[in-house]
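Following: one structure in structure tokens, then a few remarks.
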Amino acid sequence: NASEVYYDFVWETNNIKLQARSCNDALCDGESFTGLDGTANSYYNYDNEGAISMLNVSQNQYFQYKAFLWINESVKFNETFSPELANVSI
């Protein structure tokens, strides 16, 4: 229906993506934030269920993530939409 199409369009134009790193020291000295392909040029994105899986992150004592939230400024609506990161489960 029209409201689902509208929601999907807003979702695609206002979004969240993540990068993560796993470290063996508290400062994460030497480790880089990476995405799905293991490089700093990629990100983890939401799937159809609204979840982000980070299956290729190494298991170490420390874990950090960085969230990127953006709004597509070229899309104008009568309403204001903003991405929101409400919960992170590790």
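Values below: all heavy atoms of this structure, side chains included; hydrogens, waters and symmetry mates excluded. These numbers were taken from a predicted model, which means no experiment stands behind them.
- Although no hydrogens or angles enter the test, the distance criterion places a donor-acceptor pair under 3.5 Å between the side chain of Q19 and the main chain of S42.
- Taking the side chain as every heavy atom from C-beta outward, V57 and Y44 approach each other to under 4.5 Å.
- Note that OH of Y65 is 13.5 Å distant from CZ of R21, once rounded to the nearest 0.5 Å.
- I16 and L69 get closest at one heavy-atom pair: CG1-CG, 3.8 Å.
- Rounding to the nearest 0.5 angstrom, the gap separating the CG atom in L18 from the OG1 atom in T34 is 11.5 Å.
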| task | With side chain to side chain donor-acceptor pair (under 3.5 Å) as the test, would you mind laying out the steps for T39 and D37 before giving the verdict? | result | CA-CA 6 Å; T39 70; D37 71 2; 2.6 Å; yes

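- Expressed to the nearest 0.5 Å, how far OG of S22 lies from OH of Y62 amounts to 11.5 Å.
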